[in-house]
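Read the numbers this way: they start at 1 and go in the same order the structure lists the ligands and their atoms.
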Amino acid sequence: MPGKNLSREEAQHRAAILSVDSYRVHLDLTSAVDPTAATFRSTTTIAFRSAEAGAASFADLLAPRVRTVTLNGRDLDPAEVFDGTRVQLADLAEQNLLVVEADCAYSRTGEGLHRFVDPVDGETYLYTHFEPADSRRVFTNFEQPDLKAPFTFTVTAPAAWDVYANGVHTAVTAEGTARIWEFAPTQPIATYLTAVVAGPYHVERDHYSRALPDGSTLEIPLAATCRKSLSKHFDADEIFTVTKQGLDFFHAEFDYPYPFGKYDQCFVPEYNIGAMENPGCVTFREEFVFRSKVTEAAYEGRANVILHEMAHMWFGDLVTMKWWDDLWLKESFADFMGSYALIGAGTKYKAAWITFANRRKAWAYRQDQFPTTHPITADIRDLEDAKLNFDGITYAKGASVLKQLVAYVGAEAFFEGARTYFKQHAFGNTVLGDLLGALEQTSGRDLSSWAAAWLQTSGVNALTPQLTVDAEGRITELAVLQDGATLRPHRIAIGFYERDSDGALVRTERVELDVDGARTVVPELAGKPRPALVLLNDDDLTYCKIRFDDHSLETLREGLGEIDEPLSRALAWSAAWNLTRDGLMPTRDYLALVDRFAGPESDIGVLQSLHQQAKGALDLYSAPEHRAAGARQLAGCALRELRAAEPGSDHQLAWARFLALTADQPEQLQLVEGLLAGTAKVDGLAVDQELRWALRLSLASAGRTTPEELRTELELDNTASGRQYLTQTLAALPTPGAKATAWAAVLDSDELPNALVEAQIAGFAQPGQRELTAGYADTYFEVIESVWAQRSIEIAMRIVGGFFPRFQTDPATLAAADAWLAEHPGAAPALRRLVLECRDDLDRALRAQAVDRG
Ligand SMILES: [Zn+2]
């Protein structure tokens, strides 16, 4: 394998001969506060064994410089054994000791050891992020999940800093202007799970204790950290509350004491993902520290992530997948547990399964219809494959399928299986069969056909009700039709809904059954009067797209918002969205549903996803000739509902943000300007800093502001977030210069940190500026291969996905994408996958537009 990649075969071969006894890692981070210092000193000592005496292998290290390499007391010449990515190890003994002293680079891409300087106070903050394979940017190691070992970290840092790592901190000693932090050895863990967080972080502490069945007491110190300048917004109490609820819940369900000593949760800047489950030292994106008012859905989302990461302490950290093929083993499980535990642990977030049905599954359905979709158990050939598989299949579809499995074997057997699995495989590595084996043992069911149907195939089924009705309006037969490339067994509920005396659509009938094959007749519903609405997959037991019979569809058009049960209504919204995406409902009909029924939607999470979807439908799926009318409709809806919303409510805030997103008529734009200037008011609406930036973006995109005005906003908010928003709003201005500047900032240099790359790209692509950006499509296809070769994969993914000309929804762009794919059969598979997915989105948009044209 060339360069930074590592193949599955190489990893298998290395694991067959090597086993690791321990790592000692010393990092000297005192140079971090010097902006001209690009590197830090990293010294690693690895004690490991080789099954074959005399064998050759290699260690991984991505570093600009290696100073010394010592293997079993012999000094090796770095120029000979180190090529920039690997340290070659020849003539191994049975017991080996490798010492590598290197200069490793501070990162600005969020991969490895990220360095960030806070513009508010000039303080420097560091944190690591390694999954899937970036610990080798910080120390020398065998970078694969099945070579676990205990890690002992020692970190030298400026005296005013605190340092956090996986292990319990045991000693701090002063040395000149620095302090040396020592940490206890960890349990055996995988390299991608190690972590170091260092800087003058603000910290809050709490404590969790629990009586264990053996009479002892488990004590877990808790810490939560964020940057000092964010501390006034830090609601650590709320974070600790959810943390303790989760620890109670998982101990009760998993019956295995938390194995990693203490539990730190660090909120860190410019983080590429939501959070990472480093044992004892979880890292989160700091946007979870809310600077301005957010809705209950945002708090629910954060609590879900806290519980997701905590579930990983057992599923992923204690028991780890052997290779990235089984990434789903940990991610599907944790994703399911995030929602399950929100309810089970008794948190205040009761809408977890509604959010899951409506938002999380939308991610899975989308991903599962790309030509690049894959089975939940994937074929991961190398690290580039692994990087792209943190996707809607591995997380949301896998979690949906586990939800179905819980319905299939029962919650008790499922958790009993998990308990067995943890005990059998503690501190080890597993594959799919190990989990299935444990579940078969406890449930007494053969899961091989279930696994074959659900885990080893790809694609989503659609279920459609087929009714025959007699002259009196009675059902003579109701059948469920299933389509899709692979037909599967589905456990589903079918709900019948009728109008009650208040006009609400209420459930009058529910049957639960197994659907199998292309057509399943439901005899128990024969003879019943045809209801106003037949809802398949009621209660969201299975993973499928649902369709309607004509009569039910008519009911939805007239009364979707009148379904009284929030989960059923969320399913109906989700179905309407899928119909629109699939070209089975004209976009203008979908927008009409949103216009009519989003206002009364009570679930704030559903409402906010409707806002996103409606805007997406307008921008991508509206026929060009209907676009202006659709835009007027959504903007009108936003203004009307903003004025109608309860003062100070989450709904009011959501509608204000939707107004900012959709405003394109003078009436709305004037309100946006007035809210910013303080000359207009909406009763109860606080125009706080995050909302101000959303309003600024609205004006920037519409060309109703200037760079000077945008810069004055930075004076109110000269923070890291403020700088990101300024970058985004400047890039959103509808001028050739703004577009050229954003494009060049991202592509002409690799100096820009990840957060500003993201801001430039987000600002560049504005749906209302199609003509202005049309000329960039050709350039895009010219540069992506070199972007892929030259940039880190995290940044390359953002550029390739973010600069794809997705708003140029015309056959010429589709042809350009097809031509690139045809001309680049040998491009990196991960790059081709990204382009194929963008191309598929575009193709879908063109099909939806054709249907909308009517
Ligand atoms: Zn996860």
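Around the Zn ion (ligand 1), the two atoms NE2 of H308 and NE2 of H312 are separated by an angle of 100°, to 10 degrees.
With respect to the salt-bridge test (charged N to carboxylate O, under 4.0 angstrom), the residues E238 and K348 qualify. Note on E794 versus R798: salt bridge recorded, some NZ/NE/NH1/NH2 to OD/OE distance being below 4.0 Å. Here R8 does not pair with D382 in a salt bridge; the nearest charged N to carboxylate O distance is not below 4.0 Å. Under a 4.0 Å N-O distance rule, the pair D335/K330 does not qualify as a salt bridge.
Here E277 fails the criterion, with no N, O or S atom under 2.8 Å of the Zn ion (ligand 1).
Checked against the Zn ion (ligand 1), the N, O or S atom of E331 at the shortest distance is OE1.
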